[in-house]
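Note that ligands are numbered from 1 as they come in the structure, with each ligand's atoms numbered from 1 the same way. Keep in mind it's a predicted model, so treat the numbers as computed, not measured. What's counted below: heavy atoms across the whole structure, side chains too, no hydrogens, waters or symmetry copies.
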Amino acid sequence: MDLYEHQARELFAAHGIVVPRAEVTDSPDRAREIARGLGGRVVVKAQVKTGGRGKAGGVRLAADPVAAERAAREILGMDIKGHTVATVMLAEPVDVEREFYLSYVLDRSAGRFLAIASAEGGTEIEEVAAERPEAVVRVPVDPAEGVTSAVAARVAAAAGLPAQSVDVLVRLWEVLVHEDALLVEVNPLVRTTRGRIVALDGKVTLDDNARFRHPRPDGERAASADPLEARAAAKGLHYVRLDGEVGVIGNGAGLVMSTLDAVAGCGARPADFLDIGGGASARVMADALSVVLSDPAVKSVLINVFGGITACDAVADGIVRALEEVRLTTPLVVRLDGNNAARGRAVLAARAHPLVEQATTMDGAARRAARLATAASTAG
Ligand code: GDP
Ligand code: MN
């Protein structure tokens, strides 16, 4: 997951990297107050998860609080490479003498990290890298050794970075390791006219597989912008919202993807991908169903489970439990096969809910769910 600049800079600051004072808001009025608090002159910066904000007009210097309010008003709502600006950060401006580039990135094929550094940082770094690759230094980092002061000194010297940046190189590596990041980037890292080294911009990509190691209040390590995806993630479900009308729940990513194909093959569109995983309990199934049924676009739900470690009767119990917790108005088509399928089918048959029907094959289930969704869409 990519972080916003203001989140990245908090991680930098927590590890002792100097960043300018700054505050985030979604309101132009509040921007004026923040600017006043920061001394009047501020840089107003769009918070979007993409680079090139400066070139797109999303980074502006404002001379006073009124100008900051105006800049915030103009930047909020702006589209930058397909990202709508919902918040701006106001930062104390820094007098820049020189801009550098610094990053660590995972090099999967080499099984290492790469330190990338250049004495020609700033908004033109891509052009520099393309036209004069020798101006951008790449040094492999052995993850077991890490970036010691000696390694950092080597990188700084090779790239022509000032001696004070050695400390930043070491601290940035600590950010990567402690936060379980796949990428940390500072562009530009600047030397101010007073000779201080400051991180003016930051990009961090966290390793989602390590999220469990970072228990933080919800939203901070911001799961997803989609409220249903966030709710599903909070329940430990693998759920991706799509834009169709047939809700899809299955066990195992491969089976769920095949089910999406089967739905599409029947001329309908899947509304989501939801994998309840292996060995799912009744609770997990009930949670899954409640998430999918909360999507108003869903006109029918297809539950496709091939029991292996997962027992079909537990899945059926979960469906029955969900029926007690929500008032079902959307038809469900359930296909249970494999481990304990007969018991699972019997549980559903005994419950005999008028909106729940069973299918014996995946294709048959997909056809039926697609037809029910189409019928519901045409009906209203
Ligand atoms: P990006 O375009 O998305 O990478 O956004 P940045 O945060 O890197 O800002 C773009 C450029 O604006 C930087 O490379 C700097 O040249 C400039 N900039 C940003 N903040 C300041 C500041 O406080 N002082 C000065 N002088 N320039 C700044
Ligand atoms: Mn930048």
For this session: State the atoms of ligand 1, each with its element, that fall below the 4.0 Å cut-off from a heavy-atom position in Gly54.
Result: 1 (P), 2 (O), 3 (O)
Problem set entry | Arg9 side chain vs Pro20 backbone, donor-acceptor pair below 3.5 Å | yes
Problem set entry | Distance filter under 2.8 Å, centred on the Mn ion (ligand 2) - protein N, O or S atoms that pass it | Asn187 O, Asp201 OD2
Exercise. What orientation do Tyr104 and Trp173 show, parallel under 30°, tilted 30 to 60°, or perpendicular over 60°?
Worked result: perpendicular
For this session: Pick, from Glu97, Glu92, Arg53, Arg60, the option with the minimum heavy-atom distance to atom 3 (O) of ligand 1.
Result: Arg53
For this session: Can you sort out which atoms of ligand 1 are near Pro188, meaning under 4.0 Å from one of its heavy atoms?
Result: 8 (O), 13 (C), 14 (O)
Problem set entry | Closest candidate by heavy atom, reference atom 7 (O) of ligand 1, pool Glu124, Lys45, Arg9 | Lys45
Exercise. Would the number of heavy atoms belonging to other residues, nucleotides or ligands and lying under 6.0 Å from NZ of Lys235 be above 12?
Worked result: no
Exercise. Which atoms of ligand 1 sit under 4.0 Å from any heavy atom of Glu99?
Worked result: 13 (C), 14 (O), 15 (C), 16 (O)
Seminar exercise, completed: Checking heavy-atom distances from atom 27 (N) of ligand 1 to each of Asp201, Asn187, Val96, Ile80, the winner is Val96
Exercise. Just by distance, with hydrogens left out, do Asp167 and Ser165 show a side-chain donor and acceptor under 3.5 Å apart?
Worked result: no
Problem set entry | Donor on one side chain, acceptor on other, Thr192 and Asp95, under 3.5 Å | no
Seminar exercise, completed: re atom 12 (O) of ligand 1, the protein heavy-atom contact at minimum distance is Val59 CG1, 4.0 Å
Problem set entry | Ala46 backbone acceptor or donor facing Arg53 side chain under 3.5 Å | yes
Exercise. Which ligand 1 atoms, with their elements, are less than 4.0 angstrom from a heavy-atom of Pro93?
Worked result: 23 (O)
Exercise. With a 4.5 Å heavy-atom cut-off, do Cys312 and Val305 have their side chains touching?
Worked result: yes
For this session: Out of Leu61, Thr50, Thr123, Val44, indicate the one that has the non-hydrogen atom closest to atom 10 (C) of ligand 1.
Result: Thr123
For this session: Run the numbers for me: atoms of ligand 1, each under 4.0 Å from some heavy atom of Val94, listed by number.
Result: 22 (C), 23 (O), 24 (N), 25 (C), 26 (N)
Exercise. Does the side chain of Asp26 pick up a donor-acceptor pair with the side chain of Thr87 at under 3.5 Å?
Worked result: no
Exercise. Nearest protein heavy atom to atom 28 (C) of ligand 1, by residue and atom, and its distance?
Worked result: Leu200 CD1, 3.8 Å
Exercise. Does the distance from a Lys or Arg side-chain N to an Asp or Glu carboxylate O, for Lys299 and Glu245, drop under 4.0 Å?
Worked result: no
For this session: Indicate the atoms forming the closest heavy-atom contact of Leu289 with Ile303, along with that distance.
Result: CD1-CD1, 4.0 Å
For this session: Indicate yes or no for a side-chain donor-acceptor contact from Ser118 to the backbone of Ala135 under 3.5 Å, with no hydrogens or angles considered.
Result: yes
